[in-house]
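A, B, ... follow the sequence lines: proteins, then strands. Residue 1 opens every chain. Computed from a predicted structure; not experimentally measured.
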There are 2 protein chains.
Amino acid sequence: MNIKDIANLSGYSVATVSRVLNGHTNVSASAHDKIMSVVNQYNFEPNANARELKRNEKDPIAVIVKGRNNLLFADIIEIIHTTLDAIGEEVYVAYLDEDENEVRFALRHQMASNPRGILFLGGELEYFKQHFGMIACPCVLITNSTTSLSFPNLSCVLTNDEQASFDIVNEIIKAGHQSIGIVGGNLSQGQISARRLSGAIRCMACHNIGFNIHTHYEPSRYSMQEGYDAFKRLIARTPDITAVYALGDVIAIGAMRAAIDSGYSLPCDMSFASFDGIQGARFCVPRLTTVRQDSTLLAQYGVSTLLKMMSTAEPLPVCCIVPHVIQQGESIIKPRT
Amino acid sequence: MNIKDIANLSGYSVATVSRVLNGHTNVSASAHDKIMSVVNQYNFEPNANARELKRNEKDPIAVIVKGRNNLLFADIIEIIHTTLDAIGEEVYVAYLDEDENEVRFALRHQMASNPRGILFLGGELEYFKQHFGMIACPCVLITNSTTSLSFPNLSCVLTNDEQASFDIVNEIIKAGHQSIGIVGGNLSQGQISARRLSGAIRCMACHNIGFNIHTHYEPSRYSMQEGYDAFKRLIARTPDITAVYALGDVIAIGAMRAAIDSGYSLPCDMSFASFDGIQGARFCVPRLTTVRQDSTLLAQYGVSTLLKMMSTAEPLPVCCIVPHVIQQGESIIKPRT
DNA sequence: CTGAAAGCGCTTACAG
DNA sequence: CTGAAAGCGCTTACAG
């Protein structure tokens, strides 16, 4: 069943059928009604490949997701889908591993499908620096800053990781803690962990609290299991800490579980704070005090920025900082004296 | 940049370029080398729309996901992606709301894109009964049984929800509980919740334990917040229960939090068991005793079943039951006497 | 308002 | 081994 069949069945030409299908107005009411009746009778949908091949030779908006196990990204993708569905935009989502080169992938995808716009969820700035120049369509990087790059077709929307990290560590310090361990991230790759760490260190410095990265910091990937293991290593090395700041909620959930298994009772013996504000943070025991990244805003600004760029002849790249908010839980209390 | 440009640049015809690009063997080594060198120089990728339009006029495998917030599905999708990527199959994923008609969607998608196969994650049998007859390609429904339908191009892979539910409730009863509340699901739609409930009831009946669905059962959608609320309603109505069986881990996590907020201490005052085996179940406090659905096997059997059907002229629909396993946690202990 | 025709970028018989 | 040509299912000037 194709447009030619519909033409035969309705007694009109394929051109007129095509016009009706695309909502053009220069069609008589009787042609419109006749054609739509047979379209509906057969539940006809035009072939997407042929349509895109002609239309403007542009494919749907692409979403390139870096990392498969990221609950925040999962949230954001859902909202992107909902928003774009609502305005009738198709979405193509590609999931890459954390260490894959997303810009290379985008280049290949551009060749094969010529997307009208690309949303990157997560990204390594080094890759952008090297290869992004060959990307032609408007793009938005969500959760990382591109201001150091200044490509004309690349905007970004993100949380101010450094300041947010400062703010949440401030909560720990306000409660009276002087020896704070930090768990999570990998400083050699991904500037995000580095920014969070640096905000934390700045906050401690402001309060004249010492921080030795060799003894008080322990890296970990963003998973419960790795958070669990990292806490165990940290506490074995530096048992005098009274509070832990985990660079992600999933890390914190693993770390808290490790603390409990190590005989600590929470939050009395050890305070915890973290980053992200995933749903589980509000239901775990104790509830996490965390700094919430607004996934809704990240997604909505990401989409609206991209759409604006797509509809403007001379796109003006922007950098959009989404507000964060301290979400009070029960995981921070005064240290034992 | 298209295949014609590559042809000009290399001095061969588009036909020969196309042959090289598709790995045909009837091409001279010199032509192959020359053409590949310019393809690589420009990082050329053939246009996907034009290619699919010609090739066999078939699009990638489609994955139709019912419900956007399902952690088990998220797991399964990830494995599907990985498996299919590895053999060079493209995947198109569509997320529908829980109450959308996935078979109608598949019909429209078939018209527009003519997929070579469809994987349904979740599905309402009623919709399949009504409209699936018009779907032409091989399909596999994951997490629900299609044996009552007998379409020649529809297989299924699922956990035996009824038996798994029986087994986990048996754990509760073995610990000595006599008054068990059940939280979760919605019996009017989605046979899965009904099967889980019925396995639980059968188990109680086997042990001569009474169960009054009006007092001891409380429905809930599959989310932490709804699990929280449902527990509160249940405990207000039926305070004499000593154990709760939640039909999903996320419901259980919400319900446990509600129990704690109601002044219960866990697991001493109230035992919990649930269904699914998501990652968080191993890190929450107390660790959940749950019956694990094997997302890896569900995904792998789903994919391999689909591929087999796609490669066979006369596909033989199968129903594949994936083993479940009781995952011991700390959430079930003897009731207080 | 409508139709005949060109063309989007590919693949694949067909002929050599 | 290679190329000229047809055709996949659409959309859109162009002409009427």
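- Between the CD1 atom in A:I79 and the CG atom in A:L298 there is a gap of 8.5 Å [rounded to 0.5 Å].
- Counting to the nearest Å, the C1' atom of D:dG7 and the CG atom of B:L53 are 9 Å from each other.
- Between A:N22 and D:dT11, a side-chain N or O to OP1/OP2 separation shorter than 4.0 Å is present.
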Report each atom pair, protein N/O against N/O of nucleotides 2-6 of chain D, whose distance is under 3.5 angstrom.
| unit_1 | atom_1 | unit_2 | atom_2 | d |
| --- | --- | --- | --- | --- |
| D:dT2 | OP1 | B:S28 | OG | 2.8 |
| D:dT2 | OP2 | B:S28 | N | 2.9 |
| D:dT2 | OP2 | B:S28 | OG | 3.1 |
| D:dG3 | OP2 | B:S13 | N | 3.0 |
| D:dG3 | OP2 | B:S13 | OG | 3.0 |
| D:dG3 | OP2 | B:T16 | OG1 | 2.8 |
| D:dG3 | N7 | B:R19 | NH1 | 3.4 |
| D:dG3 | N7 | B:R19 | NH2 | 3.4 |
| D:dG3 | O6 | B:R19 | NH2 | 2.4 |

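- Within the 4.0 Å cut-off from OP1 or OP2 of C:dG9, at least one side-chain nitrogen or oxygen of B:N2 is found.
- Straight-line distance from the CG atom of A:L21 to the C1' atom of D:dT11: 11 Å, rounded to whole Å.
- Nearest to the side chain of B:F44, among D:dG9, D:dT12, C:dC10, sits C:dC10.
- Here the straight-line distance linking atom CG of A:N144 with atom CD of A:Q191 works out to 5.0 Å at 0.5 Å rounding.
- Side chains of A:N43 and B:L107 form no contact here, defined as non-hydrogen atoms less than 4.5 Å apart.
- Here the side chain of B:P46 is nearest to one of C:dC10, D:dT12, C:dT12, namely C:dC10.
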Side-chain atoms of residues 29-39 of chain B: list all donor-acceptor pairs with protein atoms under 3.5 Å, sequence neighbours left out, distances to 0.1 Å.
| unit_1 | atom_1 | unit_2 | atom_2 | d |
| --- | --- | --- | --- | --- |
| B:S30 | OG | B:S28 | OG | 3.3 |
| B:S37 | OG | B:K34 | O | 2.9 |

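- For the pair B:R51 and C:dG9, the criterion of a side-chain N or O lying under 4.0 Å from OP1 or OP2 is not met.
- The strand DNA chain D forms stems, runs of 3 or more Watson-Crick or G-U wobble pairs with distances below 3.5 Å, at C:1-3 with D:14-16, C:5-12 with D:5-12, C:14-16 with D:1-3.
- Taking all atoms of both residues into account, the shortest heavy-atom contact from A:S145 to A:T147 is OG-OG1, 2.9 Å.
- For the pair B:F44/A:M111, a side-chain contact is recorded, criterion being any heavy-atom separation below 4.5 Å from C-beta on.
- As rounded to the nearest Å, D:dG16 and D:dT12 have C1' atoms that lie 16 Å from one another.
- Taking the six-membered ring wherever Trp is involved, the centroid distance between the rings of B:F128 and B:F120 falls below 6.0 Å.
- By the 4.5 Å heavy-atom criterion applied to side chains, B:T146 and B:F151 are not counted as neighbours.
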